[in-house]
Structure formats: C-alpha cells, structure tokens
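Please read the structure below before turning to the comments.
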Amino acid sequence: MINNLVFVILFLLGFYAILVKKNLIKMVIGLNIMEGAIFYWFISITDRGGMIPIINGTQVTSQMNDPVPQALILTGIVIGASTSAFLLTLIIELNKFTNSTNPDQIGGMIED
Amino acid sequence: MIILKYLLIIFLIATAYLAISFKEELISIIFLSIFSITLTTLYLIHNAPDVALAEAVIGAGLNTAIFMTVISQVREGKSIFREDD
Amino acid sequence: MSITLILLIIVPLATAILIPFVDVFSNKARKVLVGFSTVVEFSIGIFIILTNFDKIIDNSFFLTYYLGGWIPPIGITLSMDMLSLFFSTLISISLLLIVAYSIGFIGHHEGKYYVLLFLIWAAMHGIVLTGDIFNLDVFLELLLITSAPLVAFKRNRNGTEAAIKYMFYGTIGGLFVFIGVVLVYFNLGTLNFAHISQNFGSLSLYIQKTIAFFFLIGIFIKMGIFPFHFWLSKAHSACPSSISALLSGVIVKVYVYVFIRLFWNVIGFDVLVAAGLDHIILVIALISSIIGHVMALYENDIKRTLAYSTVANLGLIIAVLTINTKLALLAGLLHVLSHLLMKVSLFTATGYILQFTPSHKREDIKGVAYKNMLIFVGFTIVAGGMIGLPPMIGFASKWYILKAFMTDGYHLAAIIVLIGSIFAFVYYIKYIITGFKKMSLGPPDKFRLILTVFYREQVVTDIALFFVIAVLITGIFFKVIFGPIEGAVEVMQNSNFYIDYILNI
Amino acid sequence: MSKAKNIFKIIILSLLGITLLVHFNKLPLQFEYANSIYHHITNNAVKETGSLNFVTAILYDYRAYDSLGESTIIFGAVSGIVLLLSRKTLPVSSHGLSFIVKRTFGMLTPFIFLFGIYIISHGHLSPGGGFQGGVILGSISIIFSIVYGSEFDYKRYSPTTKTLLETSGALLFIGLGLLGIVMGGNFLVNLKILNSGVGSLISAGSIPFINIGIGFKIGAGLAIIFYSMIQKTFKEEVNL
C-alpha cells in the first residue's frame, strides 16, 4: 500500500514538473524523477523480503528475492540515462539559437 | 530497518519536491543527485545490490556530471548566436 | 529454428556499428559498405519469402528462433507469422528505397546519418519480430532515440525544437509502456507474448483493464493520436524529406503493428470490448482523423500538411481496426500498405520539389511544375490517390474502409471518412494549382544547392517515380495483395494459433 | 492567467493520482509465483549458466539479446550526440582545476581504473557487471577532462581511439553471439569454452567476455558523450 502511494506521489511530481515548469532542464529533472519512481515501485512491490539473489555459500534459492525485476530495472536505468543525456544535448543546441531554456521556445507542450 | 526505510521514503519525496521547486537550476541538480543516492540506499534495503550499484554510478555520478556541463554552457548565455541555415 | 530471423536484425546492427570503424580508415569503404549491406538485408527478406512460399500459400507460415537456446517462457523468442511477414516486407522494401533516396538526397558526407538509419532498420525489424514484451519496450526505446537525432538533423532552430518535443512525448510514452510491462510481470510472472496471452484470462477483469489502459496510453502517445498529436506535425516536417518519408511512412506503421500485436494476440481484443474501451478508441480515432484533416486544411507549409494528413489517416486505420470484423481488419491492413506507399512517394516528390523553392510555404511553390513536369504530375497522381480517386491504391483501401463501416452500421464513421476525403481534396488541390500556375520569370535557380551533382538528381527522381508507379500498379491489381493480407488477418483473429506454435513446439 | 492554468493542471494530476492509487490498491498484495519464470531461473541458473549472480545470469545469458538492444541504445545516443555537437572547429583546452586536485587525482586514477576492471570482471560472482563497470571506466575520462583540462584528455584518449574502443567492444559482443551460431547453438548461446569450475574468475562460459565487451563499449561511449559536450563550453571563450 505504501509502495503504491510513494510511486503515485513521485510519478505525479515528475509529471507536474514536465507540465508546469518554465525551464527545459527542470523538465528533464522531472523526467528522471518519474523514471526513478517507476523503478523504485517495481523493486518495492516485488521484494519478498528474501535474500540477495547471489549465491555465496549455501543459500536456499527459494528464499531469494526475484532477480528478474532487478535485471529489467538495470536496463531501464541505462535507457533513462542515455535518453536524458540526448535530451540535454538538444537543449544545448536550442540554447545556441534562442539563448534561453524556456519551453515557450518549443511552443509549449500542448500547442502544436 | 523498517524505520530507516520509512525515514528514507519521506526523505526521497522531500528531495524530489525540492528538486522541482527551486528556481536556481544548480540547486535542483544537487537535489536530484541526493534523490539518486537515497534511491540507492533504498534499493540496498530492498536487497537489490546490482540495481543499487547501477543507480549510484549512473544516477548520482553520470547524470550529475552531464547536468553540470549543460548548466555551465546554458547559463553562460553568451554563446555565439547562429542564424538558421 | 531458422537463422534468417536473427540475421534480419544483426546485419543492419553490424553495419551501423562498423560504419564509424570503417570511416576511421577510408571514406570510400563506407559507401561500399552502405550499399552492400542494404542489398544483403533486402535479399534476406526476399529469401525468407521464397524459401517458404508454399507455407505462405496455405497459411501455415510460422518461423521461430530461440535466442541463446532457451525454451520460450524462459528466454527471448523471435517469431515471424503472416502479420510480421507483411510488416517486415513493407519495412524492407521502403527502407531499401529510402536509403537509396538519401544517398541521392543527403549525399555521402554524413557518416552518422547512415549509422542512425541502419539502427532504425534494426530497431524496426527487432520490434516486428520480437516475441517478448520487455524486448518490445527496449526496441521501442531504441527506435525513439535513433530517430530523434535525424529529426534534428538540419541543426536549425526548427529542427531542434521539433526533436525536443518528439523526445519528451516519446519518452513519456515509453514510460507508460514500461508501467504496463511491470504490471504484466507482477501479475503473471512471465514476459513471453504467447505465455502472457495463454493465462491472461486468469487475471481479474479489473487488472486486465488497468494493463490494457497503460499499454493503450503508451502506444497512443507514440502514435500521435488525438489528445497527444501535438508533436507529430512539427517533428515530421522539420526534418529532411527522406527522414519525414521514413517517419510518416514507415515508423508510424511499426507502431500500428505494435498496437495490433498487443491488443489482438497478447491482451486479446475481447478484454477491450469487455472494458468498453473499443468504442472509446473508435471515437478518439475518428476525432483524430477529423482534426488531422482540418489542421491540414489551415496549414500553409506543404510538409506540415502532409504530416497532418498522416495524423488523419492513422486515426482512420485505428478506427477501422477497432470494429474487429474480418472485412474491417482487411481494410485496415490494406490502408496501412496504401498509406505507406502514397505518403513515402509524396514526401520523396516534395523533397525534390522543395529544392527549387525558397521556403516550404505554398506561395513559393508557384510554377514549380515547369521545373520537372514528370515529378509534379507524379505528385498530382499520388495526391489524387490520397483523396481516393479510382486508379490508385488509395481508392481501393478507402473503398474497403467505407464498406467495412457501412456493413457494420457505423454510418456516422463512413460520413466522417467522406468529409475527410473532401477536406483532403481541398488542401491537395491548393498545392497542385499553385504548382501549375504560369510564372512569368521563374525564381532564380540559386536555391538548387543540394542536387547539383547530376547522378544524385537522377537517383532522387527515379525513386520518387518508382513509388508513383508502385501506387498505380498496386491500385490496379490490389486483388493480388489480398492473399498475404488475409493470412495476416487470419493470424490476428485467432491468437491460439500463435500460442500453439510458440509454446507447444 | 498562468496561476489558474497551474492550479488546473494540479487538479487534473491529483485526480489522475487518486484513480491510479485506487487501481493499484486492487493489485494482489503478495507477488504470487504460480507460473513465474523466476522459479526456473533461481533453481537452475547456476547449473545452466555457471554464474553465481542471478541478475548477471539473466542480463548476459537468459536475456542477453536485451543487453544487446541496450548497448545499441547507448551506441545510438552516442552517435546522435556526436552528430549534433560535432563541429569542425579546433577544440580548445579547458583550464583544469588547482594543482592540489590534479596531484590527488594523479594518485587516485589507477585505483578507480582497478575498481572498474574489478566490477566488470567479477560481474558473475559479486554484484556489478558490464554496465556498472563500464560507467566507472567512463568516469575516468570525465575526471581527466574536468581536472586536467580537455586537451590533456584529448592527448590521453583521442576521440578516434574512443571510437575504436567502443566499436571493438560492440564487435566483441556481436562476435560472441555469432560464435554461438558457429559452434552449433543459437545466437548469444552461452559457450562453455573455458569453464573451470563454478565460482572461479573465468567460470560462467561467455558471460565474463560479454561483460568485458559491454564494459569497454559503455566506458568509451560515455567518454565520447562527455568529451563532445564539454568541448563545446570552451570554444566560445577563445572567440571573446
């Protein structure tokens, strides 16, 4: 129950930053917070309170945490890092033309 | 361990909110990296060491470095204005 | 267990990785590599069709490939059935010609352009062939992050703005799809398409609706349907014409494939019907179609008009698919094919035309027909096809869409399609008339900076004309294409055929 | 006007939040394991792949194709960034930090490099793997261009060596995949080539080599990203 609450709060904080903030870099920060929220939510709901999924010694494999979500999230973190790195290069490029990082330069998110 | 977890969750939401609400970009980025570090410790509490290591290295390390370079260029503002080609 | 499936993905991937490697040594070798691997990739596609041509005829065509040797629910499986084959051949044909077109249009000095183009090719084949839901999400992300730099390829203000908006919308769409994957894994414990669709029914209806909702939102954001269509016209018009042909023609169709695969084979269309979502999707898609046509009417820039007509036609395809009768699915897939051919030919022709005009505005296209009459006549023919005039494929697909709507009693939808065609007629005629206006003294040719080299002009015009001829031929002999499309519809309608093949071997 | 717009957006978001919360609370509390692939992986991952760390077993053996897609995403991001930020102008060196920082990093860098190699090579034994170790190696080049100035970094690893490193990492990964086909298995099969007992350094078939391939690919890729980004900052100064 607490995990869903944390996820919803963080996810909407990030979404709010993207919709409302007047600075493109803040929007990318909001995006990172949304991604962090999803990853933490996925780990916390599939955490069975088991042990670390690495065998050193005689661990009983049935009491281990599920390794599959950890592998998915590892890939997700690297995807999130490369997308925000690329978005930030686009912001540098835009700054060369408009000398400001105001999302109104890109006509806002809702107008076309 | 449970108290630490709830404490960190409150800290997580606080850093996320602060990362968004500050006007100055530099402060937001510092809070974003604190957000990543709290996330790393939370992953450790949830017995997920690989994800914690990845989040620490990429979230706290790489993202902050890239955000800082972007800030240092964007804030200068005196970059050469190029006309559309 | 056919090796050709994995080769379809590895060959463009390896060329994309080798291009900077080869570029360090010699520029000449890169041109050879680009040409050679396009032909190899296309011939693999043809090889697959030829080797099991008999299976395609009697509808038992199915190829699988277990990556890493793991049996389906554990590892990742690649699977190709009639639906994937239909989309894979569409991708191979159009990509072969778009690479050739960009050799003429962009030229050879942009090494990184071809790296990204081949990565897009690998990502599209990766999406069309994959049988694993997280793998689908990874390749959707790969398709997004490799097409965004090409949107910003012109490095001017308009291109960078379009790319930023494209990336924001695409990443948020990707996040919603990832939430869907999380919910699927949390409730079912597996990631394989066949395994999910096998015991998707065991879930409570409430959770099925939530999963369907998240995948729907994610795909609609990426596809640019009504509430999220704000980025599509800017992104598809701010890039060089070869890329807007790729974006509007092919990448959007890959998202249609993902929509079909997810909601017919994996989640099952009856979940949408039970949740009452299919009528909502029909309404949203029709609104998106109207908005696309209306915005295209008010647009003054030729490429933005074509981008808005993509939004409109996409809404049409999704609307017709949600009726879910055999005829409707047939009409939808036929419209996917016809829209791809016509949109790519329109953009390739516009790319050639726009090098004579100072800007993309409508007034500047005045008298451009007399620069190269053949190309502009081709443009008019295909524009006629988009409206739905008889000899072109556009007429056949619109005819079947109307038939599908009428037989099922969706008269309002049929009227909307007709209104859309009338709007299309108006805004295409505006461009064609200005194109044919007599210019006393033609604009000085100082704008012809791109295609000065003779061979490049020849390549560009030939490919634009090839697509026009393709539109005409498929328009006349569209009965021939019905065979593979019916096979694809067959696969869509009974997904247990898909499950048996993957899980029971 | 914009205040009202913000309030409007906040209301919509909180409504969305409440519906999400209601939806998610209907989820079953305990993650039930009826037919989850988790059982198969935890029970016989050690037998099938030889790697003790199950997350690395999944990443580089059961779903190695995902990691191939993953490293292609980074390759796409790198070529996209270089395409946008590449300028033909002469790169100007950034003036590094103070002497003390330069001296301390002179001593620290070999240990960072050692730590990175440790994380990559012990991927299948302890937490970590190609991705995390690669980023650590990439951070060395980032530290060089901050502390010693990008010209020093240019001399140590010129962009061409970085491209060669990245491509060779990628080719190693794809080569191992194709080697699997040559040796009769499927693409990216786990070749049990040098299998000297579970738990030793070179033990989990082709997993350590895939780790090394991905490690160098990501390290070089991130170095290129950072170098082309930081290089832009100091071009302007020379013109003013």
Side-chain angles (χ1 to χ4, degrees), chain C residues 1 3 6 10 13-14 16-18 20-21 23-24 65-70 73-76 78 110 112-113 115-116 119-120 122-123 126 130 132 134-135 138-139 141-142 145-146 148-150 152-153 155 160 163 183 185-192 195 199 202 204 206-207 209-210 213, chain D residues 20 23-24 26-28 31-41 48-49 58 60-86 160 163-164 166-171 173-175 177-178 180-181 185-190 217:
Chain C
M1 287 320 280
I3 186 96
I6 195 64
I10 290 306
L13 202 67
I17 286 168
L18 277 174
F21 202 73
D23 213 5
V24 169
Y65 191 79
Y66 301 151
L67 282 157
W70 303 109
I74 310 300
I76 298 171
L78 297 181
E110 291 287 355
K112 282 286 184 256
Y113 174 88
V115 169
L116 292 167
L119 282 179
I120 286 178
T130 182
D132 183 273
F134 181 67
N135 201 318
V138 167
F139 275 102
E141 203 67 33
L142 175 64
I145 200 155
T146 39
L150 292 177
F153 184 72
R155 276 173 276 225
T160 324
L183 284 175
Y185 183 77
F186 180 78
N187 291 306
L188 290 170
T190 71
L191 290 167
N192 190 299
H195 214 222
N199 35 38
S202 68
S204 79
Y206 201 86
I207 298 172
K209 270 197 282 185
T210 332
F213 169 78
Chain D
L20 275 181
H23 271 249
F24 287 154
K26 287 279 189 349
L27 287 176
F31 172 42
E32 81 279 8
Y33 284 81
N35 41 30
S36 159
I37 52 176
Y38 151 75
H39 292 294
H40 174 81
I41 287 177
E48 283 170 353
T49 56
I58 293 173
Y60 301 109
D61 191 357
Y62 286 109
R63 304 176 67 86
Y65 183 60
D66 265 351
S67 309
L68 179 67
E70 174 52 40
S71 59
T72 336
I73 285 178
I74 290 189
F75 183 72
V78 165
S79 31
I81 288 167
V82 167
L83 171 77
L84 282 179
L85 287 180
S86 68
T160 37
T163 332
L164 290 181
E166 187 190 22
T167 333
S168 53
L171 289 179
F173 192 7
I174 293 184
L178 294 175
I181 296 178
N186 284 1
F187 186 70
L188 287 175
V189 82
N190 189 347
K217 181 182 165 65

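Since this is a predicted model, take the numbers as computed values, not measurements. To find a chain, count down the sequence lines: A is the first, B the second, and so on, and within it residues start at 1.
Atom CD1 of C:Ile3 and atom CG of D:Asn186 lie 7.5 Å apart (nearest 0.5 Å).
Chosen from C:Gly69, C:Ala14, C:Gly75, the residue pairing most often with chain D at heavy-atom distances under 4.5 Å is C:Gly69. Of all the listed residues (C:Asn199, C:Thr146, C:Ile17), the one sharing the greatest number of non-hydrogen pairs under 4.5 Å with chain D is C:Ile17. Most heavy-atom pairs under 4.5 Å with chain C, from the set D:Leu164, D:Leu188, D:Asp61: that is D:Asp61. No other option in C:Leu13, C:Leu183, C:Leu150 has as many heavy-atom pairs under 4.5 Å with chain D as C:Leu13. Between chain D and the residues C:Phe213, C:Phe21, C:Tyr206, C:Phe153, the most heavy-atom pairs under 4.5 angstrom are made by C:Tyr206. In terms of heavy-atom pairs under 4.5 Å with chain D, the best-connected choice from C:Thr190, C:Thr210, C:Ile207 is C:Thr210.
Looking at D:Leu20, only its side chain comes within 4.5 Å of chain C, counting heavy atoms on both sides. The part of C:Leu78 that comes within reach of chain D is its side chain, from C-beta onward, which places non-hydrogen atoms under 4.5 angstrom from that chain. Within the 4.5 angstrom heavy-atom criterion, atoms from both the backbone and the side chain of D:Ser79 approach chain C. When heavy atoms are compared at a cutoff of 4.5 Å, C:Ile76 approaches chain D by way of both its backbone and its side chain. Neither the backbone nor the side chain of D:Ile58 comes within less than 4.5 Å of any heavy atom of chain C. Residue C:Ile74 touches chain D through both its backbone and its side chain, counting heavy-atom pairs closer than 4.5 Å.
D:Thr160 meets the side chain to side chain contact (heavy atoms under 4.5 Å, CB included) test with D:Ser158; sequence neighbours excluded.
Listed here is the closest heavy atom pair of C:Ser202 and C:Leu188: OG-CD2, 4.3 Å. Of all heavy-atom pairs between C:Pro20 and C:Val115, the closest is CD-CG2, 3.8 Å.
A perpendicular orientation is assigned to the rings of D:His40 and D:Tyr62, their planes being inclined by more than 60° (bins at 30° and 60°).
Aromatic ring centres of D:Tyr60 and D:Tyr65 lie farther apart than the 6.0 Å criterion allows.
Under the 3.5 Å distance criterion, with hydrogens and angles disregarded, no donor-acceptor pair is assigned to the side chains of C:Asn192 and C:Asp132.
For residues 64-77 of chain D, the pairs satisfying salt bridge (charged side-chain N to carboxylate O under 4.0 Å, His left out) are D:Arg63-D:Asp66, with sequence neighbours left out.
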